[in-house]
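Down below is the structure, laid out as structure tokens.
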Amino acid sequence: MIELSIENNIAEVVLNAPQKMNALDEQALGDLGAAYDDAAAAAAGGTVRALLLRGEGRGFCAGRDISGVVPETDDAYHYLGNLVTPLLKKMAAFPAPTFAAVHGPALGVGLGLLIATDVVYVAENAKIGSPFANLGATLDSGGHWLFTERLGPHRTLDLIYTAELMSGREAVEAGLFSRVMPAGELLENTRTIVARVAEGATGAFRASKELVANIRDQRLGLWLATEEENVAQGELCKSGDYAEGFKAFQEKRKPVFKGIS
């Protein structure tokens, strides 16, 4: 079950199927995509300026719900290529900053949800890795890219071959995610940060989000990336939030951003 709430310019998307560790079947993937569509529509209307993704129960997301899968007739490509990948692309393109609060297992498709999120905070008890060796399957949902990019090929294949899982602290120390927090403080701390970001200059954040994606996906060198920054700043200087930020600085007060371009 996927839940969406919108309050104080924040969309909170909740994976709420704790009895199965928030594993995702085809229906749940569709519902999650619909939640992001609704949140994106609200963002276009100015009522959402940040998004938080989290899971209920003992874990964030155990990946694909395989409880009813018949392996002899399973079409894994359909599930991944036609359902999961389009969802991850939609999540990554969300028009405002996105955050995830992760406790317990985040595996398979659950890991993919994190790859498609801007900022990921994990609890010390989080479990990250590739358990697929036990299924005769391979890591999916962008996991090979994330691990190879951040950990290198040797550590990546070590995790894949052994099916050993990293703790939240290990994952952050290895550079996979942004911050590690005690499990009991994770959600409150993340909500506090998301609330602060939701009061920020959303247009400027969106520009940085696009710049980072271009640097990552197009492998931009220093001067190409610098030119993209120049173009983005040139557009931002026409915005109301830009004017407010400079005016507040000159008047020695806190800016009041409206989150508009």
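Quick note: numbers below take in every heavy atom, side chains included, and nothing from hydrogens, waters or symmetry partners.
- The CD atom of Glu229 sits 11.5 Å away from atom CG of Asn214, with the distance rounded to the nearest 0.5 Å.
- In this structure, Met1 and Ala17 approach most closely via the heavy-atom pair N-CB, 3.8 Å.
- Contacts of Ala44 classified as side chain to side chain contact (heavy atoms under 4.5 Å, CB included), with partners at least two apart in sequence or in another chain: none.
- Side-chain atoms of Asn22 come within 3.5 Å of backbone atoms of Gly59 as a donor-acceptor pair (strictly under, hydrogens ignored).
- In terms of the side chain to side chain contact (heavy atoms under 4.5 Å, CB included) criterion, residue partners of Ala225 (sequence neighbours excluded) are, by chain and number, Ile215, Leu220.
- In this structure, CG in Leu83 is found 11.0 Å from CG in Leu88, a value given to the nearest 0.5 Å.
- With hydrogens and angles disregarded, no donor-acceptor distance shorter than 3.5 Å links the side chain of Asn125 to the backbone of Gly168.
- Other residues, nucleotides and ligands contribute over 12 non-hydrogen atoms within 6.0 Å of the CD atom of Glu251.
- The closest donor-acceptor contact from the side chain of Arg49 to the backbone of Gly200 lies under 3.5 Å.
- A salt bridge links Glu244 with Arg253: the closest approach of a Lys/Arg side-chain nitrogen to an acidic carboxylate oxygen falls below 4.0 angstrom.
- Using a 30° and 60° split on the angle between ring planes, Phe94 and Tyr36 fall in the perpendicular class, above 60°.
- Hydrophobic clustering (ILVMFWY, side-chain heavy atoms < 4.5 Å, transitive): Val102 and Met181 are in distinct clusters.
- Taken from OG in Ser208 to CD in Glu210, the straight-line distance is 9.5 Å, to the nearest 0.5 Å.
- Closest of all the heavy-atom pairs between Thr202 and Gly259 is OG1-CA, 3.5 Å.
- Partners of Val180 by side chain to side chain contact (heavy atoms under 4.5 Å, CB included), not counting sequence neighbours, listed by chain and number: Val122, Glu124, Arg169, Val172.
- Using a distance-only test at 3.5 Å, with no hydrogens or angles considered, a donor-acceptor pair links the side chain of Arg150 to the main chain of Leu176.
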For residues 106-118, run the donor-acceptor check on the side chains, cut-off 3.5 Å, and write out each pair with its distance to 0.1 Å, sequence neighbours left out.
| from | atom 1 | to | atom 2 | distance (Å) |
| --- | --- | --- | --- | --- |
| Thr117 | OG1 | Leu113 | O | 2.7 |
| Asp118 | OD1 | Lys209 | NZ | 3.4 |
| Asp118 | OD2 | Thr98 | N | 2.9 |
| Asp118 | OD2 | Thr98 | OG1 | 3.3 |
| Asp118 | OD2 | Lys209 | NZ | 3.1 |

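- Ala39 and Leu4 make their closest contact through N-CD2, 4.2 Å (heavy atoms, listed as atom of the first residue, atom of the second, distance).
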Enumerate, atom names and distances included, each donor-acceptor pair closer than 3.5 Å involving a side-chain atom of residues 186-195, sequence neighbours excluded.
| from | atom 1 | to | atom 2 | distance (Å) |
| --- | --- | --- | --- | --- |
| Asn189 | ND2 | Glu185 | O | 3.3 |
| Thr190 | OG1 | Leu186 | O | 2.8 |
| Arg191 | NE | Glu12 | OE1 | 3.2 |
| Arg191 | NH2 | Glu12 | OE2 | 2.7 |
| Thr192 | OG1 | Glu188 | O | 3.0 |

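- Atom CD1 of Ile66 sits in a sparse spot, with 12 or fewer heavy atoms from other residues, nucleotides or ligands closer than 6.0 Å.
- Considering all non-hydrogen atoms of both residues, Asp241 and Lys258 come closest at OD1-N, 2.9 Å.
- The same ILVMFWY cluster, assembled from side-chain heavy atoms under 4.5 Å apart, contains both Val13 and Leu87.
- Contacts classified as salt bridge (Lys or Arg N to Asp or Glu O under 4.0 Å) and involving residues 91-109 (residues at least two apart or in different chains) are not found.
- Counting only residues at least two apart or on different chains, no salt bridge (Lys or Arg N to Asp or Glu O under 4.0 Å) pair has a member in residues 93-103.
- How far CD1 of Ile2 is from CD of Gln27: 9.5 Å, rounded to the nearest 0.5 Å.
- Considering every non-hydrogen atom in both Phe60 and Ala101, the closest pair reads CD1-O, 3.7 Å.
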Check: residues 127-148 side-chain donor-acceptor pairs under 3.5 Å, at least two apart:
| from | atom 1 | to | atom 2 | distance (Å) |
| --- | --- | --- | --- | --- |
| His144 | ND1 | Leu139 | O | 3.1 |
| Thr148 | OG1 | His144 | O | 2.8 |

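- Between Glu235 and Lys238, at least one side-chain nitrogen of the basic residue sits less than 4.0 Å from a carboxylate oxygen of the acidic one, meeting the salt-bridge criterion.
- Taking hydrophobic clusters as Ile, Leu, Val, Met, Phe, Trp and Tyr residues chained together by side-chain heavy-atom distances below 4.5 Å, Tyr121 shares a cluster with Val197.
- Separation of atoms CZ (Arg54) and CG (Leu52) is listed at 7.0 Å; rounding is to 0.5 Å.
- Taking 4.0 Å as the cut-off between side-chain N and carboxylate O, Glu149 and Arg219 count as a salt-bridged pair.
- Placement of Val84 and Val69 within a single hydrophobic cluster is found when ILVMFWY residues are connected by side-chain heavy-atom separations under 4.5 Å, directly or transitively.
- Between Met91 and Leu53, the closest side-chain pair of non-hydrogen atoms falls below 4.5 Å.
- A salt bridge (Lys or Arg N to Asp or Glu O under 4.0 Å) check over residues 20-35, counting only residues at least two apart or in different chains, returns the pairs Lys20-Asp25, Lys20-Asp65.
- Under a 3.5 Å cut-off, the side chain of Glu170 and the backbone N or O of Ser167 do form a donor-acceptor pair.
- To the nearest 0.5 Å, atom CD of residue Glu164 and atom CG of residue Leu159 are 7.5 Å apart.
- For the residue pair Ala198 and Ala50, the shortest heavy atom distance occurs at CB-CB, 4.0 Å.
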Which atom pairs, donor and acceptor, lie under 3.5 Å between side-chain atoms of residues 71-81 and protein residues at least two apart or in another chain?
| from | atom 1 | to | atom 2 | distance (Å) |
| --- | --- | --- | --- | --- |
| Thr73 | OG1 | Val70 | O | 3.4 |
| Asp74 | OD1 | Arg64 | NH2 | 2.8 |
| Asp74 | OD2 | Arg64 | NH1 | 3.0 |
| Asp75 | OD1 | Tyr77 | N | 3.4 |
| Asp75 | OD1 | His78 | N | 3.1 |
| His78 | ND1 | Asn82 | ND2 | 3.1 |
| Tyr79 | OH | Leu24 | O | 2.8 |

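- Side-chain atoms of Asn16 and Glu3 form a donor-acceptor pair, as typed in the model, at a separation below 3.5 Å.
- Val231 and Val212 end up in different hydrophobic clusters when Ile, Leu, Val, Met, Phe, Trp and Tyr side chains are linked at under 4.5 Å.
- Remark: Ala34 pairs with no residue by the side chain to side chain contact (heavy atoms under 4.5 Å, CB included) rule, at least two apart or across chains.
- Every residue two or more places apart in sequence or in another chain was checked for a side chain to side chain donor-acceptor pair (under 3.5 Å) with Asp38, and none qualifies.
- Surrounding CZ of Arg58 are at most 12 heavy atoms belonging to other residues, nucleotides or ligands under 6.0 Å away.
- In this structure a side-chain-to-backbone donor-acceptor pair under 3.5 Å is present from Arg206 to Pro95.
- For the pair Ser178/Val120, no side-chain contact is recorded, criterion being any heavy-atom separation below 4.5 Å from C-beta on.
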